[in-house]
Amino acid sequence: MAKMMRRTAFLILLLFLHLLTSVSSWKKEEFRNCNQTPFCKRARSRKPGSCSLVATDVSINDGDLTAKLLPKINGNSEGEEEQKEEPNKPLLLRLSVYQNGILRLKVDEDPTLDPPKKRFEVPDVIIPEFNDKKLWLQRVSTEVINGDSSPSSVVYLSDDHEAVLRHDPFEVYVCKKGGDRVLSMNSHGLFDFEQLRSRKEGDNWEESFRSHTDSRPYGPQSISFDVSFYGADFVYGIPEHATSLALKPTRGPEIEFSEPYRLFNLDVFEYIHDSPFGIYGSIPFMISHGEVHGTLGFFWLNAAEMQIDVLGSGWDAESGISLPSSQGRIDTLWMSEAGIVDAFFFVGPEPKDVVKQYASVTGTSAMPQHFATAYHQCRWNYRDEEDVENVDSKFDEFDIPYDVLWLDIEHTDGKRYFTWDKVLFPHPEEMQKKLAAKGRHMVTIVDPHIKRDESFHLHKEATNNGYYVKDASGRDYDGWCWSGSSSYLDMLNPEIRSWWAEKFSLQNYVGSTPSLYIWNDMNEPSVFNGPEVTMPRDVIHYGGVEHREVHNAYGYYFHMGTADGLLKRGDGNDRPFVLSRAFFPGSQRFGAVWTGDNSADWDHLRVSVPMILTLGLTGMSFTGADVGGFFGNPEPELLVRWYQLGAYYPFFRGHAHHDTKRREPWLFGEKNTELMRDAIRTRYMFLPYFYTLFREANTTGIPVVRPLWMEFPSDEATFSNDEAFMVGNCLLVQGIYTERAKHASVYLPRGQSWYDLRTGVAYAGGVTHKLEVQEDNIPAFQKAGTIVPRKDRYRRSSTQMANDPYTLVIALNSSQAAEGELYVDDGKSFEFEKGAYIHRRFVFSDGKLISLNLATPKSGYKVYSSECVIERIILLGLSGVKSALIEPTNERADIESGPLRLQGGRGPSVLTIRKPNVRISDDWTIKIL
């Protein structure tokens with residue numbers, strides 16, 4: 001008993017220390033660096049050319065190119081018997097070709113040679129439709145290329161590209177037909193694959209970090225290799241890191257960073273900006289862009305810890321390799337603790353081609369409910385039902401729209417998820433229904449740690465069914481998190497995910513209603529007393545999988561199970577909304593993510609932009625950062641600037657730590673309330689445009705917000721710009737990231753002119769403009785040649801705007817032309833998948849505005865219709881006209897001239913067609929007379 005009491009006291013102390021940590025800066029010593037991570041240290045120490053593997057037995061099998069990889073010793077490839085007690089066995093290589101120029105490379109141990117266990121392949125990430133796009137290879141061409149001493153095997157990849165397996169030394173690369181390489185693996189000979197072994201007497205494979213020991217029962221099992229991007233000016237991607245959009249070199253002469261970019265999902269409190277350190281999510285997908293070969297992509301489907309070096313110029317001096325300037329490239333080194341090689345090469349050539357190719361593998365973004373694209377109000381924690389009612393009523397009192405109110409962990413009964421504190425929240429259903437009556441919704445938090453309490457039905461059921469992950473000795477793993485002593489569901493198991501999903505039914509989640517949605521936090525998973533504040537690597541999952549192999553995907557499977565739960569509740573026709581902190585490739589199919597526990601400072605405001613842009617490039621389009629910063633107390637100016645920028649995030653939520661001062665928008669004086677209200681209203685005005693972009697992300701994978709170079713891939717000035725971004729292809733937004741700024745330098749890409757959103761003033765493209773900064777806005781522009789749909793009437797919530805009329809803003813280019821799109825559906829159900837939606841293309845040319853139908857209703861399904869009309873058409877860049885003729889009704893509409901007045905905007909006169917009253921669902925033409 002005394003021993004148990006001491007253990008309990010010790011764990012309570014750990015929890016107390018963690019809580020102290022949660023309000024202080026990141027403790028660097030709590031987390032491993034590369035030198036403290038043996039697989040990373042080993043991989044970094046390898047010299048170019050150290051790979052001895054050669055490809056043998058090359059043939060076509062089941063439509064793929066297959067080969068064995070054997071080590072070459074003293075001119076032969078018979079193994080390393082003279083160097084190792086246990087020689088390396090042959091590795092199996094498989095090259096597969098898919099539609100749209102996608103190459104897949106798999107390297108694994110040969111299962112017929114009895115490895116100690118099967119290496120882990122990440123399931124349920126690649127969408128089933130991708131396998132249908134495989135191109136079955138019929139033949140392989142074997143030839144000597146460019147004077148090599150040994151042959152290579154060449155296979156078709158696309159009309160423009162070929163894939164090459166070089167036999168000796170082993171290398172895989174993609175090249176243009178008859179031309180230059182564009183993307184390669186192992187061109188520097190750094191490939192290494194540590195094979196699983198059975199423990200023998202005397203073997204000591206344990207690794208220790210601080211007070212934690214990892215048993216490593218199968219010994220070292222890491223994989224590393226180099227990947228080269230040819231003709232690249234910059235590389236991007238591999239979130240999540242609080243750093244620049246264009247990834248800085250981490251290794252080489254005079255390189256500032258000494259650590260690789262780490263991909264290891266961790267609960268990092270108050271993470272620091274401008275750091276390669278990994279935080280909450282991991283997507284091992286890198287994109288290069290440059291003038292020579294356009295855009296390329298490389299994706300490694302692997303859920304173990306990964307470290308990635310971006311190698312600076314001159315890093316490979318010891319290899320003696322010298323590249324001519326025309327063949328300049330960016331080299332990278334990829335290192336993972338476990339798993340297999342399951343890698344994808346994407347050859348673009350345009351930025352949007354690469355993100356589409358990646359989306360064809362891992363899926364596109366889920367189509368959100370319309371309300372989820374509006375403003376969310378959150379705090380840890382709104383205290384009770386009275387607090388909820390007061391906050392809700394204050395939004396109405398100050399005429400500020402919002403759609404979602406969030407509850408953090410304190411709403412539960414003792415941090416038991418799916419419960420309510422009966423004193424603070426005695427009437428949860430009534431509380432939600434009051435919000436729903438105003439068209440509003442509620443989100444509650446559900447984390448993966450389950451309180452180990454024998455009276456808690458969820459814990460009892462999970463224990464009896466054996467649903468928890470096991471520690472190395474086979475017992476239910478016991479770690480500490482918010483609820484104290486906790487266990488963690490084995491979400492790798494599909495049966496357990498299905499069981500979990502059932503918990504979200506209205507019958508099982510007592511007190512929930514159809515207007516309640518879910519927030520998954522702490523799902524890295526966070527374990528307060530675990531190594532690096534997470535789960536030990538030798539914990540065991542379904543199928544004997546070690547946690548080290550699946551760590552980065554744990555939150556992904558938790559997110560998946562939760563989204564499935566909301567999908568199945570009720571009639572199953574409402575789209576889920578689930579926010580997750582941890583993520584992995586494919587997470588975009590299940591909901592939104594955010595950038596975690598940021599801080600209320602200007603640096604974190606600035607770094608939010610490259611973080612969100614990087615997530616969008618790598619599939620996660622529905623993303624945002626906590627507006628105002630989670631930790632700390634922002635000064636009013638910072639908070640206002642954050643709202644002005646956050647209004648353009650795909651996911652727009654204000655959130656704060658419970659130790660911060662309350663910061664609802666009405667608490668900072670009348671003027672600041674007005675500025676924040678205007679910022680939030682800006683988001684509501686552009687909701688039709690955002691929703692249209694979310695549909696584009698849902699169908700193509702192209703993100704809602706984009707780096708400038710995605711829209712202007714030949715404009716070099718955009719390649720490393722991460723202070724400004726595009727919302728779709730129409731709007732450019734520049735944040736203000738310094739206190740008391742009087743001016744801002746804004747680069748507007750070349751090729752078109754740009755119209756200030758508030759004044760309608762036109763600015764030239766290809767120029768950096770020094771603009772005066774006003775407190776009531778941040779610089780934002782509409783590109784000439786585009787049409788943007790808006791709704792200009794302000795309501796309490798987006799739901800109440802459903803039947804409001806639209807405004808079209810037409811920004812004419814030098815040819816007096818423009819085009820844009822509008823997508824509309826019921827905002828909540830899956831009927832759009834059956835063709836129940838409105839999708840219009842608006843084209844202005846030759847003095848006419850035409851509405852064209854892009855919808856493709858499916859036979860036998862209902863057609864979505866709307867009585868909404870267009871009440872105003874604003875024409876930027878046109879003058880000298882007085883009226884318009886509407887066809888086919890032959891009605892006339894007046895054209896008025898006056899300043900553009902958007903929330904205080906002033907400027908030159910612009911033309912506005914008043915009340916054309918054409919329906920958004922109809923074909924029509926408006927002629928300018």
Side-chain angles (χ1 to χ4, degrees), residues 127 129 352 355-356 358-360 362-374 403 563 567 573-577 587-593 612 615-617 619-624 648-652 683-706 710-711 726-731 786-791 798-799 801-802 804 806 808-809 819-843 851-858 861-866 868 870 920-921:
I127 60 174
E129 301 92 316
K352 293 179 182 178
V355 296
K356 287 179 181 179
Y358 173 76
S360 74
T362 64
T364 60
S365 298
M367 187 64 192
Q369 287 205 38
H370 190 271
F371 80 83
T373 68
D403 268 66
L567 184 64
N573 200 33
D574 278 356
R575 303 172 215 163
F577 172 77
S587 289
Q588 65 270 14
R589 305 198 305 269
F590 307 113
V593 303
I612 290 169
L615 286 165
L617 281 174
M620 295 302 308
S621 193
F622 199 3
T623 59
Y648 296 98
Y649 291 163
F651 174 59
F652 183 24
R683 173 50 162 253
Y684 279 78
M685 179 178 66
F686 283 119
L687 281 178
Y689 180 59
F690 270 92
Y691 199 65
T692 300
L693 294 173
F694 274 105
R695 177 57 170 166
E696 183 180 8
N698 171 249
T699 55
T700 68
I702 297 171
V704 171
V705 298
R706 307 161 187 177
M710 176 170 277
E711 291 297 329
M726 295 294 297
V727 182
N729 68 336
C730 299
L731 304 182
T786 64
I787 301 175
V788 172
R790 301 188 332 207
K791 284 195 174 184
S798 68
T799 309
M801 297 168 62
D804 285 348
Y806 289 79
L808 295 182
V809 182
E819 61 179 54
E821 294 183 11
L822 172 66
Y823 174 84
V824 182
D825 60 25
D826 64 17
K828 59 183 181 179
S829 79
F830 287 96
E831 294 300 312
F832 73 96
E833 294 183 343
K834 304 171 184 177
Y837 59 86
I838 295 168
H839 191 185
R840 310 298 300 188
R841 172 171 289 145
F842 305 114
V843 178
S851 176
L852 303 170
N853 182 30
L854 297 180
T856 54
K858 297 184 179 180
Y861 293 103
K862 68 178 183 181
V863 176
Y864 180 74
S865 61
S866 171
C868 287
I870 295 171
I920 61 167
S921 57

Classify the ring geometry between Phe694 and Phe622 as parallel (under 30°), tilted (30 to 60°) or perpendicular (over 60°). perpendicular
Please report the C-alpha distance between Phe577 and Gln369 in whole Å, then the side-chain angles of each, then the deciding distance to 0.1 Å, and finally whether the side-chain contact (heavy atoms from CB on, under 4.5 Å) criterion is met. CA-CA 7 Å; Phe577 172 77; Gln369 287 205 38; 5.9 Å; no
Would you name the heavy atoms of Met620 and Thr623 that are closest together and state the gap between them? O-CG2, 3.2 Å
The criterion is side chain to side chain donor-acceptor pair (under 3.5 Å); which residues satisfy it with Glu696, sequence neighbours excluded? Arg706
Taking atom OG1 of Thr692 and atom CD1 of Ile838, what is their separation to the nearest 0.5 Å? 11.0 Å
Report yes if some heavy atom in the side chain of Tyr691 is under 4.5 Å from a heavy atom in the side chain of Val704; otherwise report no. no
Contact summary for Gly701 and Ala359, nearest pair of heavy atoms: CA-CB, 3.9 Å
One should read off an interatomic distance between His839 NE2 and Leu852 CG, to the nearest 0.5 angstrom, of 11.0 Å
Between Thr362 and Arg589, which heavy-atom pair has the shortest distance, and what is it? O-NH1, 2.6 Å
Decide side-chain contact (heavy atoms from CB on, under 4.5 Å) for Lys791 and Leu687; before the verdict, give the C-alpha distance in whole Å, the side-chain angles of both, and the deciding distance to 0.1 Å. CA-CA 7 Å; Lys791 284 195 174 184; Leu687 281 178; over 6 Å; no
Sole candidate of Lys862, Lys834, Arg575 that passes salt bridge (Lys or Arg N to Asp or Glu O under 4.0 Å) when paired with Asp825: Arg575
How far apart are the closest heavy atoms of Gly624 and Tyr649, and which atoms are they? CA-CD1, 4.2 Å
Show your working on side-chain contact (heavy atoms from CB on, under 4.5 Å) between Met726 and Val705 and close with a plain yes or no. CA-CA 6 Å; Met726 295 294 297; Val705 298; over 6 Å; no
Tell me, do Phe842 and Glu819 make a side-chain contact under 4.5 Å, heavy atoms counted? no
Do the ring planes of Tyr823 and Tyr837 sit parallel (below 30°), tilted (30 to 60°) or perpendicular (above 60°)? tilted
Reported CD-to-CG distance for the pair Glu833 and Asn573, which is rounded to 0.5 angstrom: 9.0 Å
Report the residues that fulfil salt bridge (charged side-chain N to carboxylate O under 4.0 Å, His left out) with Asp574, sequence neighbours left out, ordered by chain and then residue number. none
May I ask you to test the Ile920-Val824 pair for a side-chain heavy-atom distance under 4.5 Å? yes
Between CZ on residue Arg790 and OH on residue Tyr806, distance to nearest 0.5 Å: 13.5 Å
Checking Ser365 side chain against Gln588 main chain: does a donor-acceptor pair fall under 3.5 Å? no
Looking only at heavy atoms, which two atoms of Thr373 and Pro368 are closest? And how far apart? CG2-CG, 3.9 Å
State the OG-CG distance between Ser851 and Leu808, to the nearest 0.5 angstrom. 8.5 Å
Chi angles and distances behind the side-chain contact (heavy atoms from CB on, under 4.5 Å) call for Val788, Leu731: CA-CA 9 Å; Val788 172; Leu731 304 182; 4.1 Å; yes
Value rounded to 0.5 Å, distance of CZ in Arg683 from OH in Tyr648: 10.0 Å
Student check: side-chain heavy atoms of Cys730 and Tyr689 closer than 4.5 Å: yes
Taking all heavy atoms of Leu617 and all of Pro703, pick out the closest pair and write down the distance. N-CG, 4.5 Å
Short N-O contact, Glu821 and Arg695, less than 4.0 angstrom: no
Would the number of heavy atoms belonging to other residues, nucleotides or ligands and lying under 6.0 Å from NZ of Lys352 be above 12? yes
